[in-house]
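If you're wondering where the values come from, they're calculated on a predicted model, not measured in any experiment. Note that ligands are numbered from 1 as they come in the structure, with each ligand's atoms numbered from 1 the same way. Only this structure's heavy atoms are used, side chains among them; waters, hydrogens and symmetry mates stay out.
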Amino acid sequence: MKIALAFSGGLDTSVCLKILQEEYNAEVVTVAGVVGQDPEKLEKIRKKAENLGSVKYYGVDLTKEFVEDYIFPSIKANGNYEGYPLSSALARYPIAAKVVEIAQKEDCSAIAHGCTGKGNDQFRFDTTISLKDPDMEIIAPVREKNLDRNWEIQYAKENDIPVPVDVNEPYSIDENIWGRSIEGGELEDPKNEPPEEIYKLTQSPSEAPDEPRTLEIEFENGVPVKLNGNEKDGASLIENLNKSVGEYGVGRIDIVEDRSLGLKSRENYEAPAALALTEAHKALEQLVLTRDEIKFKTMVDGLWSELAYRGLWFDPLREDLDAFIEKTQERVTGQVKIKLEPGSIRVVSRASPHSLHEPELVSFEDYGFDQRESVGAIKFQALQGKSYWKKKKDR
Ligand code: ARG
């Protein structure tokens, strides 16, 4: 039996690699991907995979694809689930899709992953695999054998699996170019304030520069293309923003999140660039879309975010929603300025050739239309309400 394993080199997937060989008697092809992290990491993971007996290893840099095919659509959709900018969630899809592609190429009969049976990632992996290749068997050793961390550490020691150095760290951390997720340890109790040590992308606001800083982001059809007037590819623009926004202590998120299974889970995130780009993007949409477009799009964005969160990226509904979102983004072109001050971010300027804002109509100084005409609109707005109040008084 030949199995393709989504492999990160961490404890879960290292244990899985061994179990698949021992208990399934399988030849294991390992697949690792980076989504914004240093591509050199892929060589370190290769060594681990080969030392643990993987027959073939694929290390793929998925950063560009992640940015253009997943993050850009999420910016257009103001992607956000209960306050979470979907950073870890979105990254699972290009990885899962790549594993399916390699499994097919390598003639594997099954795909394995290290997801637990408690989290959201199992929804994302399983659903992506089953939608892309319904005949592919899915093996999830951690879930199937109900494994826990202590059992895994013990098993690793007994089977000469090098236990990763961070295994004593209390936190479970997942990181990519769109954000960083921190769970576990004392954070599991929503009552405990997150200690400063969990943060890496953001400074404490008390350490932020005193001088405010203004950044200009230029959007073209809903996608950021320039930062401070300089043309940037998506990945470097996001990396740049992570740095400058994080320096001001902006981008920390602390929420209780409803997982797909319904479990409430305390989550901490750092997502400086995601926060800044979403705020800027929304400000531009306010300028160029009509009030009813914004109202409807807010519902579409919410549904879109839920699909992305719940493992349903490749569901047909996501494509349908994207068709609507894409159409609205034809006008989302222009410049937005955001002002950074210690611990805060604020949109202070927006401009677009498609702006629906007409200064001569709205100005206090110059009335572009005859004020007297508004009376009728107000009168009719109150029509049904008047009948209601009349009846109520009669009763
Ligand atoms: N709750 C988030 C999600 O489901 C983040 C999970 C991140 N995983 C982690 N090991 N910290 O997308």
**Report entry** Part of Y81 with heavy atoms under 4.0 Å of ligand 1, whether side chain, backbone, both or neither
**Finding:** neither
Query - Min N/O separation S88 to ligand 1 under 3.5 Å - result: no
Query raised in the report: Taking both backbone and side-chain atoms of D121, is any N or O found less than 3.5 Å from an N or O belonging to ligand 1?
Result: no
Requested in this report: Please work out whether any backbone atom (N, CA, C, O) or any side-chain heavy atom from C-beta onward of E257 is under 4.0 Å from ligand 1, and answer side chain, backbone, both or neither.
Outcome: side chain
Report summary line: atom 12 (O) of ligand 1: closest protein heavy atom, distance to 0.1 Å, is Y84 OH, 2.6 Å
Query raised in the report: With a cut-off of 4.0 Å, which atoms of ligand 1 are near a heavy atom of S172?
Result: 9 (C), 10 (N), 11 (N)
Query raised in the report: N/O of E183 under 3.5 Å from N/O of ligand 1, yes or no?
Result: yes
Query raised in the report: Touching ligand 1 at all, R310? Heavy atoms, strictly under 4.0 Å?
Result: no
Query - Region of R124 engaging ligand 1 - heavy atom pairs below 4.0 Å - result: side chain
Query raised in the report: Looking only at side chains, do W151 and N146 share a donor and an acceptor under 3.5 Å apart?
Result: no
Report summary line: of all protein heavy atoms, closest to atom 4 (O) of ligand 1 is N120 ND2, 2.8 Å
Query - Ring geometry between Y309 and Y81 (parallel below 30°, tilted from 30 to 60°, perpendicular above 60°) - result: parallel
Requested in this report: Take every heavy atom of Y171, measure it against each atom of ligand 1, and state whether any distance is under 4.0 Å.
Outcome: no
Query raised in the report: Which of parallel (below 30°), tilted (30 to 60°) and perpendicular (above 60°) describes Y93 and Y70?
Result: parallel
Requested in this report: Using distance alone, with no hydrogens and no angle criterion, decide if D174 and S88 have a side-chain donor and acceptor under 3.5 Å apart.
Outcome: yes
Requested in this report: Report the distance from atom CD of E285 to atom OG1 of T298, rounding to the nearest 0.5 Å.
Outcome: 8.0 Å
Query raised in the report: Tell me, which protein residue and heavy-atom name are nearest atom 2 (C) of ligand 1, and how many Å apart are they?
Result: Y269 OH, 3.1 Å
**Report entry** N120 and R310: CA distance, side-chain angles, deciding distance, side-chain contact (heavy atoms from CB on, under 4.5 Å) verdict
**Finding:** CA-CA 7 Å; N120 296 314; R310 285 177 36 212; over 6 Å; no
Query raised in the report: Side chains of E197 and Y171: is there a donor and an acceptor less than 3.5 Å apart?
Result: yes
Query raised in the report: Are Q37 and N176 close enough, and set up right, to give a side chain to side chain donor-acceptor pair (under 3.5 Å), and what steps lead you there?
Result: CA-CA 6 Å; Q37 309 92 326; N176 64 54; over 6 Å; no
Query raised in the report: D61 and T63: side-chain donor and acceptor closer than 3.5 Å?
Result: yes
Query raised in the report: Who's the nearest protein heavy-atom neighbour of atom 7 (C) of ligand 1, and how far?
Result: S181 CB, 3.6 Å
